[in-house]
Q: 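I have a structure I would like to understand better, so I am pasting it below and will then ask my questions one at a time.
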There are 2 protein chains.
Amino acid sequence: MPERKPRKDAARNRAAVLAAADDLFAGCESPEAVTMADIAAAAGVGKATLFRAFGDRTGLIHTLYEARLEPIRNAVEQGPPPLGPTAPPLQRVPALLDAALCFKLDNRHLALALEGTGGDSPYQTEHYDRWHSTLRAVLERIPHLTDADFTAHALLATIRADLVEHLVGRQHVPREQLRAHLAAFTARILDPRAPLS
Amino acid sequence: MPERKPRKDAARNRAAVLAAADDLFAGCESPEAVTMADIAAAAGVGKATLFRAFGDRTGLIHTLYEARLEPIRNAVEQGPPPLGPTAPPLQRVPALLDAALCFKLDNRHLALALEGTGGDSPYQTEHYDRWHSTLRAVLERIPHLTDADFTAHALLATIRADLVEHLVGRQHVPREQLRAHLAAFTARILDPRAPLS
DNA sequence: CGCGAAACGGACCCTCGGTCCGCATTCTAC
DNA sequence: GTAGAATGCGGACCGAGGGTCCGTTTCGCG
């Protein structure tokens with residue numbers, strides 16, 4: 001297990017880069033506006049340091065995103081109901097979607113940066129796969145629901161970062177209203193006799 | 001009305017560029033792989049000609065897309081049921097979505113190129129707006145359905161080019177099966193007492 | 001302290017979208 | 001037909017941004 005611990009300056013620089021990147025993404029509008037050189041400069045570091053630590057732009061964003069996501073992932077994988085695995089499917093599905101939506105609302109810039117990372121589609125990321133398989137597994141436990149796989153994709157498509165950004169950032173839909181809409185939509189999918197709200 | 005007709009060579013070049021671009025996008029995998037220089041070369045034309053005719057990359061893709069889309073837009077705006085405006089909402093919504101899905105299936109490369117045009121989100125294009133307002137208007141005529149606006153967004157998100165590409169191109173879901181899934185999903189949204197299939 | 005390894009940083013390279021400008025083609029007026 | 005103006009042409013050129021190279025610095029350990 002050749003897991004050598006990194007040098008102290010390397011660790012410090014890595015942290016500085018993460019902090020700087022976080023700030024910059026949070027502050028700027030479109031994530032495209034934040035360049036690698038900007039981040040390096042803001043962190044007081046050379047560009048190569050940044051690429052050495054994270055491989056490439058995608059890697060850096062990925063790392064940032066993962067850090068933010070971790071608590072939620074924990075709550076989903078081993079937390080209490082309604083998010084955790086012991087919740088009954090009909091409660092857990094809306095809880096999962098709401099949690100994911102809230103996460104994207106709270107991390108719009110990052111989510112946008114991650115999903116819009118140039119050419120590669122968001123559907124090839126490990127993040128998406130995790131959400132999708134979790135959701136699909138839960139959906140499969142709902143008897144009358146066919147197409148769990150597609151349904152999971154469709155529900156997740158509903159909270160894609162750019163759509164959320166469009167609704168909240170551009171059209172100023174209030175956060176709670178968006179959550180309510182998503183909840184109503186989800187309910188409709190889950191239960192054939194959906195409440196009329 | 002200073003609508004001067006273009007010179008003959010200009011028209012010819014414009015057509016050549018469109019044809020070349022169409023071919024290249026159809027032939028290559030990711031649309032990012034097709035550069036403006038490639039298109040110019042394939043059309044036997046200088047780069048400036050290409051930019052003069054279409055403004056920028058987005059403009060070119062937009063033009064291509066619009067050309068392909070026109071027949072469908074006609075069918076939607078003034079065609080017969082179930083696509084046309086005289087169809088009853090409960091039939092027209094699935095018809096609209098199916099038509100849009102089929103269009104994306106038939107024009108994966110273009111749709112992908114358009115939606116993935118660098119930084120600007122697909123939600124700011126005129127295409128999307130048109131689909132969205134059409135769909136929303138129809139949804140609003142369905143009595144028990146609240147949130148027509150959000151629902152329209154959600155349903156359209158279901159057929160986003162990159163998702164379609166992921167399902168069909170990467171996971172090899174057959175075309176007809178995807179259509180069936182979408183139909184089932186739509187039905188669930190439209191009618192609280194959805195068929196159990 | 002000394003020395004090898006690890007990390008640093010910024011100059012550098014490359015690709016790609018987009019522009020410039022001197023030259024060629026086409027239209028129009030006679 | 002021809003002259004002159006307008007329009008279009010094309011490829012060299014530019015700037016931005018992601019990613020790399022390599023001489024120099026820093027770290028950690030004996």
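Every chain is numbered from 1, with letters handed out A, B, ... down the list of sequences.
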Q: Quick test of your reading: applying salt bridge (charged side-chain N to carboxylate O under 4.0 Å, His left out), list the pairs with at least one residue in residues 142-153 of chain B, sequence neighbours left out, ordered by first then second residue.
A: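 Matches after skipping sequence neighbours: Arg136(B)-Asp149(B).
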Q: Could you work out, with side chain to side chain contact (heavy atoms under 4.5 Å, CB included) as the rule, every residue matching Ala87(A), not counting sequence neighbours?
A: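 Ala87(A) satisfies side chain to side chain contact (heavy atoms under 4.5 Å, CB included) with Pro81(A), Arg92(A) only.
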Q: With sequence neighbours excluded, tell me which residues meet side chain to side chain contact (heavy atoms under 4.5 Å, CB included) with Arg68(B).
A: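 Partners of Arg68(B) under the side chain to side chain contact (heavy atoms under 4.5 Å, CB included) test: Asp22(B), Phe103(B), Asn107(B), Leu110(B).
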Q: Just to confirm, is there a sub-4.0 Å distance from OP1 or OP2 of dG9(C) to any side-chain nitrogen or oxygen of Thr49(A)?
A: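 Yes.
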Q: List in chain and number order the residues that pass ring pair (Phe, Tyr, Trp, His ring centres under 6.0 Å) with Phe51(A), two or more places apart in sequence or in another chain; answer none if no residue qualifies.
A: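 Residues passing ring pair (Phe, Tyr, Trp, His ring centres under 6.0 Å) with Phe51(A): none at all.
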Q: Please confirm whether any donor atom in the side chain of Arg52(A) sits under 3.5 Å from an acceptor in the base of dG19(D), or the reverse.
A: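 When only heavy-atom distances are counted, Arg52(A) does not reach the base of dG19(D) through any donor-acceptor pair under 3.5 Å.
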Q: When you compare the protein's N or O atoms with those of nucleotides 15-19 of chain C, which come within less than 3.5 Å of each other, and at what distance?
A:
{"unit_1": "dG17(C)", "atom_1": "OP1", "unit_2": "Arg57(B)", "atom_2": "NE", "d": "3.3"}
{"unit_1": "dG17(C)", "atom_1": "OP2", "unit_2": "Met36(B)", "atom_2": "N", "d": "3.0"}
{"unit_1": "dG18(C)", "atom_1": "OP2", "unit_2": "Arg57(B)", "atom_2": "N", "d": "2.9"}
{"unit_1": "dG18(C)", "atom_1": "N7", "unit_2": "Lys47(B)", "atom_2": "NZ", "d": "3.0"}
{"unit_1": "dG18(C)", "atom_1": "O6", "unit_2": "Lys47(B)", "atom_2": "NZ", "d": "2.3"}

Q: Identify each atom pair where a protein N or O and an N or O of nucleotides 27-30 of chain D are less than 3.5 Å apart, giving names and distance.
A:
{"unit_1": "dG28(D)", "atom_1": "OP1", "unit_2": "Lys8(A)", "atom_2": "N", "d": "3.1"}

Q: Please state how far atom CG in Leu50(B) lies from atom C1' in dG8(D), giving the value in whole angstrom units.
A: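 Rounded to whole Å, this separation is 14 Å.
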Q: Can you list everything that forms a ring pair (Phe, Tyr, Trp, His ring centres under 6.0 Å) with Phe54(B)? Sequence neighbours excluded, please.
A: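 Result, ring pair (Phe, Tyr, Trp, His ring centres under 6.0 Å) vs Phe54(B): none returned.
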Q: Listed by chain and number, what are the ring pair (Phe, Tyr, Trp, His ring centres under 6.0 Å) partners of His109(B), not counting sequence neighbours?
A: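 Result, ring pair (Phe, Tyr, Trp, His ring centres under 6.0 Å) vs His109(B): none returned.
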Q: Taking only residues two or more places apart in sequence, or in another chain, which ones meet Arg57(A) in a side chain to side chain contact (heavy atoms under 4.5 Å, CB included)?
A: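 Listed in chain order: Phe25(A), Val34(A), Met36(A), Ile61(A).
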Q: Please identify each residue that fulfils salt bridge (Lys or Arg N to Asp or Glu O under 4.0 Å) with Asp23(A), with sequence neighbours left out.
A: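 Partners of Asp23(A) under the salt bridge (Lys or Arg N to Asp or Glu O under 4.0 Å) test: none.
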Q: Take the C1' atoms of the five end pairs on each side of the helix from dC1(C)-dG30(D) to dC30(C)-dG1(D), get both axes, and report the angle to 10 degrees.
A: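 If I round to tens, the end axes sit 10° apart.
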Q: What residues form a side chain to side chain contact (heavy atoms under 4.5 Å, CB included) with Asp106(A), not counting sequence neighbours?
A: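 Side chain to side chain contact (heavy atoms under 4.5 Å, CB included) check on Asp106(A) returns Arg175(A).
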Q: Ignoring backbone atoms, establish whether Asn13(B) has a side-chain N or O less than 4.0 Å from OP1 or OP2 of dG8(D).
A: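 For dG8(D), OP1/OP2 do not have a side-chain N/O of Asn13(B) under 4.0 Å.
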Q: Between Leu60(A) (CG) and dG19(D) (C1'), how many Å, whole number?
A: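 Rounded to whole Å, this separation is 14 Å.
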Q: Quick one: which of Arg160(A), Arg108(A), Gln171(A) gives a side chain to side chain donor-acceptor pair (under 3.5 Å) with Glu165(A)?
A: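 Only one of Arg160(A), Arg108(A), Gln171(A) forms a side chain to side chain donor-acceptor pair (under 3.5 Å) with Glu165(A), namely Arg108(A).
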Q: Take His153(B) and His166(A) through the ring-ring contact (aromatic ring centres under 6.0 Å, His included) test and state the conclusion after the steps.
A: CA-CA 10 Å; His153(B) 280 301; His166(A) 176 70; 5.7 Å; yes
